[in-house]
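Let me begin by presenting the structure, written as structure tokens, before commenting on it.
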Amino acid sequence: MILTKAQYEEIAQCLVSVPPTRQSLRKLKQRFPSQSQATLLSIFSQEYQKHIKRTHAKHHTSEAIESYYQRYLNGVVKNGAAPVLLDLANEVDYAPSLMARLILERFLQEHEETAPSKSVINSMLRDPSQIPDGVLANQVYQCIVNDCCYGPLVDCIKHAIGHEHEVLLRDLLLEKNLSFLDEDQLRAKGYDKTPDFILQVPVAVEGHIIHWIESKASFGDECSHHAYLHDQFWSYWNRDGISQCCSGWCGTPGLSNSSASASQSAGITGVRKHFLPGILMKCVCK
Amino acid sequence: MAAVLESLLREEVSVAAVVRWIAHSTRGSEDNPGEAAALSSLRPLRKEFVPFLLNFLREQSSRVLPQGPPTPAKAPGASAALPGRPGGPSRGSRGARSQLFPPTEAASTAAEAPLARRGGRRRGPGPARERGGRGLEEGVSGENLPGAGGRRLRGSGSPSRPSLTLSDPPNLSNLEEFPPVGSVPPGPAGTKPSRRINPTPVSEERSLSKPKTCFTSPPISCVPSSQPSALDTSPWGLGLPPGCRSLQEEREMLRKERSKQLQQSPTPTCPTPELGSPLPSRAGSLTDEPADPARVSSRQRLELVALVYSSCIAENLVPNLFLELFFVFQLLTARRMVTAKDSDPELSPGVLDSLESPLFQSIHDCVFFAVQVLECHFQVLSNLDKGTLKLLAENERLLCFSPALQGRLRAAYEGSVAKVSLAMPPSAQAVSFQPETDNRANFSSDRAFHTFKKQRDVFYEVLREWEDHHEEPGWDFEKGLGSRIRAMMGQLSAACSHSHFVRLFQKQLLQMCQSPGGAGGTVLGEAPDVLSMLGADKLGRLWRLQERLMAPQSSGGPCPPPTFPGCQGFFRDFILSASSFQFNQHLMDSLSLKIRELNGLALPQHEPSDEDGESDVDWQGERRQFAVVLLSLRLLAKFLGFVAFLPYRGPEPPPTGELQDSILALRSQVPPVLDVRTLLQRGLQARRAVLTVPWLVEFLSFADHVVPLLDYYRDIFILLLRLHRSLVLSQESEGKMCFLNKLLLLAVLGWLFQIPTVPEDLFFLEEGPSDAFEVDTVAPEHGLDAAPVVDQQLLYTCCPYIGELRKLLALWVSGSSGRSGGFMRKITPTTTTGLGAQPSQTSQGLQARLAQAFFHNQPPSLRRTVEFVAERIGSNCVKHIKATLVADLVRQAESLLQEQLVTQGEEGGDPAQLLEILCSQLCPHGAQALALGREFCQRKSPGAVQALLPEETPAAVLSSAENIAVGLATEKACAWLSANITALIRREVKAAVSRTLRAQGPEPAARGERRGCSRACEHHAPLPSHLISEIKDVLSLAVGPRDPDEGVSPEHLEQLLGQLGQTLRCRQFLCPPAEQHLAKCSVELASLLVADQIPILGPPAQYRLERGQARRLLHMLLSLWKEDFQGPVPLQLLLSPRNVGLLADTRPREWDLLLFLLRELVEKGLMGRMEIEACLGSLHQAQWPGDFAEELATLSNLFLAEPPLPEPQLRACELVQPNRGTVLAQS
């Protein structure tokens, strides 16, 4: 299924400074009933990440942290059961999970002599039961389950999606009888950076020759295209001396004006409809 | 200068500071202030430090190496004289014994004055000996080699063939000098007394030598000079295999060969007897002074100097790496101290304290110093050829002084595959008629065409005649052929005829001289030529033997002047005799063009990711291609340089003063024959220095004295100097130059800097080129420089003088110290087995020649096809063996390993030991590889040849081509397999072992239990990511905040858990992290169920989940945990304070579900009672509201009070509230 650029922009427009909560997602779904939840969530997540990247620094000044912490303390003193932290995050327009992390870090600093290590924090976020303060544990947990763009659960979901799509892609390739080498085989051959699949026999899809396929189970907007191009694809291109490559995105807007790229929906179809809108092929021609 | 060394020895400055000081003039920032101050006062002397150090060391060692400077001074004037031209006036030579780098007067300080004074006249017999020879090379060898002093090489007899006369003829009756060997004809022995075939047996301690079967004479180490009688009696009699008679014949044959070879070399490489007479000082005693580490004097001082010296070498501050190594080897193998000169009168007054006493007071000092230096250069040593490594590893002095170094060298020797052979290729074939260029259409007229054809014939006639006669003693090129050549050249009237002839000339040149190491390829299983591949095994052995017996004794020390060995001599003499300026001009044009073309050739680049075993085979092909291109380029550039600078070179000494200035002004007008500067710059930019520099060096080596002074060439020299300095061997990094590539460049550049025409001061006067030599690369990071294109074979082929190191060591082993010239080579018994098969060898040789002839008659495409097929099939064969035989062996290894692990129990054993056991069991199977490989080639090659050749190919031609292809492919595959199969199996088995052990390591239990989907599974279960996100939604709903209308239906929950079960049973999409999170989420969900916190959709009254439904859901969860999760489920979270705390928030509190859950957990064996008790216990420590704590205590008491066996219908809830008539839905 193809999302036009206009549609994509419309969705993105709706997502300007919306908190990353269940409720927002629900509203989004009502607004765009024709889009699947996965696509919407993916776009939401990416747009929100962009937003956070822009504003991240201002939440990390020591004054900001201090004021958040004081507000949190005041809040829980008043009512420990109220969603203090979540509300705070939404109010200052910051991801709840990240806010939880901030406060947790600050809390641990106050209660322990040494600064907490990153792994300790991560492990506490994964399992809030380890947080010494019961109220804070509840608050943190609430933030995490309510955050649909950040947090350990979301990370896990993303990871799982990535894994699932690789499996799906492999099945599809097998089904289509395309001979390929997967990442493990490539690694065994000594490649250090590999795409998910290298086609042993290149195929042409709508006039573009495809040498390898990378499954990117996330929404392919312009920005991530460029980032991935930069980080990954050119290195494949350099290593394999391959002139064309192809990656499957979980939804890509038709980027007609993107200079180095042209995107088409490609012939890989038949992905289960209940989850994926269809894998869109991104062909980079060089 | 001395002051610097002084302060170093007094430990005022550190070695590192000194080296920095030398290397970087301007930057002293890293030094500590004291050092900097000490050194900065000496700044003006900086440039002279290295020459001073080198001369100082030479000076100091003169007592140990009395036969003259070991590391030769430049051979002055050697290049100026043209060989083969009659009437060259004899030149007074600059003293060869003068200092390597004469100190400049201006800079000498008071402290160094005495040294400088002494420097002029160093040692040994008269330096001002005049030389009659005008030979380029002849003259030089005289100077290079120690002990030559006082003896004239030859008179000005015949111009091109030096008549070898000795001033003092060898005393043939002196058995010690010339022990009888069989029936050595006096002729060759007279001129070249060293050529004794001396089947030296090997002493026991030289363990690396191959076992000897037939030579039983006493070890040489006991008998310094071989015993003549032992040769003739004992070895031949006993225990000799049947081949012994043929051995005698072989010797006879070889002797003939050798004398032929000896006469054949028209060029100065021909061994000259400079080493001839023993010096009086050591004629008497032949015993070597033993070196003892315990008797080293002033250890610390030696260590310091060695460190400075090594650092200078490592930083490329010395002009020639291998020259210094040669010097060090000489110190290592020094035999005894000359005691006569002990009190050097020059050595006392005015010299500073620590320099006053000689640095080397004894042999022990020398050896100690040498070993110290060698230790710093292990990396270079380990990259030398196998023979040198062996000699080094077996050197008892090394063992004695540094067992560690010796051990490393031994390991390097054992791992080395770098056998190097410099055997001369068999005589050449004529260039076949080239129909595409040599046809009528390319000529202006019929007459021109006919003239060309006639000239072609004349040319080959001349060539054949040269081949037949040039070995004969009295034969002279000019006399024999000169007039005919000139007559032929005279016929070339039309300009275009010249170009045709030049093309022929150049092709023939390439064909005949391209690879002086042509046969060597067989060693690595990569034969450069069909001929050498056919029957390469036996033939290769014969060649190696031949090489050992007849290789030119000495290429003229570690820094020989440029030479024209072998066939090249013909072409040089041809050019000289023709003396046709048109021909020369056309030749230069043609050579320049070809050089440009080859230099720009896109050579396949190394793919860094392909470091696989099988690609070795392909990679060898690429390396071979590179070698061919490089050698061709060097050859062409050498001739281009020769021709281009021919008009400017004469025997007269270089001009000085005003004359020089005017010549410079004149010459700077002349454009260079080939724009080498641009080519060099481009080569550096494109990181192709490894290709460009070697040929450029060849070109420049023929430059005359004026050339380095010209701005254009000065730029080149400066570039080369910078390159030289930047090639620090110890700096290895990704994308930078490979080690052997660097070594090659260092060797050729070092050689160039020693060429007499290159001004000596150039190297040192040039202001520190600084580390800023970073070529601004436009090229990709993987230029040719970064690819391992150079191997030892190529290195030694390009720089045969590196082989001098080996000769030096061999000389030491042989114990003969080169009394009568050359070093003694021993013949190891392996060759005798080769000799036994002599008849088949000749037939093989014949076969090879037949094949050669066969190809000659067929179109070139046939040969290309056959070679191509052979190459591919050979390569495929290796891959096939790897995929079948080796893979099988690896599987065997895996099962063997399993057995081992089972028998040895959990701890297994030492992995290394296990590997050894496996390899010892499996490697013998590798022998099958050869048979399989042979069979594979046999099977595959004919079909491929058939398919590729035209249908119309005659049957006989086809079958011959097939046979040759089979032979070549087999040869290629078997050579690779026999060399590498064991290593390959080892590597694969090692990988398999580590894989298995790793898999065993962390979670041995989990491995077996992990199940895939059942066979019938169609993978339609919901995706894990979907489930996590669904459960997360429920959790977030439950945790809140939520809108009033939000909630979940019980059906939805049930459905969700059902889906979770499906997903867990279908493992297709499940990855471990996802499963972990699912487990955690399910536990959280259970906690919420227990605490009744899940908002239920529906009528407001029924806001809470019904008890029965809750129990049903909990049951589902319990069964999921029990049955479906394969990873651990964090059930203890159920009793974490946070989750239990959820209960505290509910009003009214309900405990029955929790109790129910706990009981079920115990009953299903998901948690132990003890575990639960522990969790409950720790709950008490948390802070609870008072009433809650009481209830909790009651609960735990209740749970603890229960009998282990669960009773049905426990009314747990009564403790808090009257139950609501719960129906226990026990499914």
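To find a chain, count down the sequence lines: A is the first, B the second, and so on, and within it residues start at 1. Heavy-atom basis, side chains included; hydrogens, waters and symmetry copies ignored.
With A:Gln142 contributing its side chain and B:Val1039 its backbone, the two residues share a donor-acceptor pair below 3.5 Å. In terms of modelled atom types and a separation under 3.5 Å, the side chain of B:Lys1032 and the main chain of A:Asp147 share a donor-acceptor contact.
Taken to the nearest 0.5 Å, the CG atom of B:Leu1035 stands 10.5 Å off from the CZ atom of A:Arg22. Distance check: B:Ser1025 OG to A:Ile157 CD1 gives 7.5 Å after rounding to the nearest 0.5 Å. Distance check, rounded to the nearest 0.5 Å: CG of A:Asp171 to CZ of B:Phe1069 gives 5.5 Å. The distance from atom NZ of B:Lys1080 to atom CZ of A:Arg126, rounded to the nearest 0.5 Å, is 7.5 Å.
With a 4.5 Å cut-off on non-hydrogen atoms, A:Leu25 does not touch chain B at all. Within the 4.5 angstrom heavy-atom criterion, only side-chain atoms of A:Leu86, from C-beta onward, approach chain B. Of the atoms belonging to A:Arg26, it is side-chain heavy atoms, and not backbone ones, that fall under 4.5 Å from chain B. Proximity to chain B (any heavy atom under 4.5 Å) is shown, for A:Gln130, by neither the backbone nor the side chain. Contacts between B:Pro1137 and chain A at a heavy-atom distance below 4.5 Å are absent for every atom of the residue. In this structure, chain A has a heavy atom under 4.5 Å from the side chain of B:Ser1136, while its backbone stays farther away.
Scanning both residues, B:Ser1036 and A:Val145, for their nearest heavy atoms gives CB-O, 3.1 Å. In plain terms, the two heavy atoms of B:Cys1071 and A:Ala160 that are nearest each other are SG-CA, 4.4 Å. The minimum heavy-atom distance between A:His163 and B:Leu1070, with the atom names listed, is NE2-O, 4.0 Å. Closest heavy-atom contact between A:Cys156 and B:His1077: SG-ND1, 3.1 Å. A pairwise comparison of heavy atoms in A:Leu153 and B:Cys1081 identifies CD2-SG, 3.7 Å as the closest pair.
With chain A as partner, the option from B:Ile1028, B:Leu1027, B:Asn1139 having the largest number of non-hydrogen pairs under 4.5 angstrom is B:Ile1028.
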